[in-house]
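Atoms within a ligand are numbered from 1 in the order they appear, just like the ligands themselves.
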Amino acid sequence: MGPLDKEWPNFDAMPEAEVLTGTRPRGQKLARWVWWDGELREGDQLNVHYYANALHYGTAVFEGIRCYPSASGPVLVRLRDHVERLLVSARLYGMRVPFDAETLIRGAVELTRRNGIQNGYLRPLAYYGSGPIDLKPKRECLVHAFIAVRELGTFLGDDALRNGIRVMVSSWRKVHHSMLPTMAKASGHYANNVLAAHEALDHGFDDALLLNQDGTVASATGCNVFFVRDGELVTNDESSSIVPGITRDCVLDIAAEHGVKVTIRAFTREDLLRADEVFFTGTAAEVTPVRELDGVKLPTGKGTLGASFQRAYLRAVTGKDEERRAWLTPVNG
Ligand SMILES: Cc1ncc(COP(=O)(O)O)c(C=O)c1O
């Protein structure tokens, strides 16, 4: 254990095996096979009923899981944690997923192997199927589950990982955990995030931050938020109506190993505007620095803690950190 490597993750200058972004796929090509209610089926043969309760009322729960190439073949990152969170999200909606964690884990591995995925994003989703016009799907609707996978390189673009993104504070407030169980990754909740993301798009920003009704920060549209001030790392928790991310947990684990002081507390827009640096975490976005918030410039890159966490995280998820091999499930046995 030593201090965090403060060397800027210079993607262009790193040895071949370290060049993560340069070797990643560009598009989001859908893979051929889908794990569908327990068996592998061809994606273009599948249908969801037009009266699926989930389509009408947002009653689905889902996950996003990354697959990365490693020296021992493709690996899935924190697969069991994602599957367990999916089942907790389902429970919050009274949804009895007809598959246990072990079956879903085996399904995810088999699906990834069959599709020959290296850099990919898995989307497990469980939803209430068709039934009568009714707001009690747990009484009448069958629960279906699938896992789809697509290729995914850098979610926000290589430039986002290197140089950071431009963010605005949305005029939409985050739904409170007294209104919806915000810890759940449930489809219906994401209408809130879509509105904020569209607002950012319309105003020429890369992403938006959602504030809670009391003015504290909740999260970005699909990421958790960290900031650094005087060497101290700060992030919020579920009392701020966030999805407590698995990538967030990875960063906290790396911080603990390297003796970085961490405070978990509610924080405000003002905290971010006077921070030394701000970065986002998420399975898709990984560790992405913020270079501008509402017109205020923030440092990114060389010498920042965010760059060090990004580097440590990317090393771990590609199997280069022996201490964190337990995060990874190999796809090829
Ligand atoms: C709203 C929201 N917050 C946070 C996260 C980050 O969670 P994780 O790191 O588990 O992907 C996500 C993405 O899954 C998200 O959609």
Short N or O distance, [X] and ligand 1, threshold 3.5 Å exclusive:
X      : value
His82  : no
Arg85  : yes
Asn193 : no
Ile246 : yes
Thr283 : yes

[atom]: the protein heavy-atom neighbour that sits closest, reported with distance to 0.1 Å:
atom                   : value
atom 9 (O) of ligand 1 : Thr247 OG1, 2.6 Å
atom 7 (O) of ligand 1 : Gly245 CA, 3.3 Å
atom 5 (C) of ligand 1 : Gly222 O, 3.5 Å

| task | Please name the residue in the list Trp35, Trp36, Tyr127, Tyr128 that meets the ring pair (Phe, Tyr, Trp, His ring centres under 6.0 Å) test with His144. | result | Tyr127

| request: Flag yes if Trp172 and Val225 sit in one hydrophobic cluster, no otherwise; membership is Ile, Leu, Val, Met, Phe, Trp, Tyr, and two members link when side-chain heavy atoms are under 4.5 Å apart. | output: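 No; tracing contacts between hydrophobic side chains, which count when under 4.5 Å, never links both residues.
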
| task | Answer yes or no for Arg166 and Phe205: cation-pi contact, defined as NZ/CZ to six-membered ring centre under 6.0 Å and angle to ring axis within 45°. | result | yes

Just jot down the ligand 1 atoms closer than 4.0 angstrom to any heavy atom of [X], in number order.
X      : answer
Thr221 : 1 (C)
Tyr190 : 1 (C), 2 (C), 15 (C), 16 (O)
Val243 : 3 (N), 4 (C)
Asn224 : 4 (C), 6 (C)

| said: One pair to check against side chain to side chain contact (heavy atoms under 4.5 Å, CB included): Thr235 and Ile264. What are the steps and the verdict? | reply: CA-CA 5 Å; Thr235 194; Ile264 310 282; 3.7 Å; yes

| query | Do Glu232 and Arg265 meet the salt-bridge criterion of a basic N to acidic O distance under 4.0 Å? | reply |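 So Arg265 does not pair with Glu232 through a salt bridge.
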
| said: Tell me whether Glu322 is salt-bridged to Arg315, with the criterion being a basic N under 4.0 Å from an acidic carboxylate O. | reply: no

| request: Side-chain contact test, heavy atoms from C-beta onward, threshold under 4.5 Å: evaluate it for Thr182 versus Ile242 and give yes or no. | output: no

| Which of these, Phe280, Tyr313, Phe309, sits in a side-chain contact (heavy atoms from CB on, under 4.5 Å) with Glu286? |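 That would be Tyr313.
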
| task | Only counting residues at least two apart or in another chain, list the ones meeting side-chain hydrogen bond (donor to acceptor under 3.5 Å, both in side chains) with Thr216. | result |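 For Thr216 the side-chain hydrogen bond (donor to acceptor under 3.5 Å, both in side chains) partners, ignoring immediate neighbours, are Asn212, Asp214.
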
| field | Closest candidate by heavy atom, reference atom 13 (C) of ligand 1, pool Lys185, His189, Arg66 | value |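 When every heavy atom of Lys185, His189, Arg66 is considered, Lys185 comes closest to atom 13 (C) of ligand 1.
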
| Should the proximity of Cys223 to ligand 1, defined as any heavy atom under 4.0 Å, be assigned to the side chain, the backbone, both, or neither? | backbone

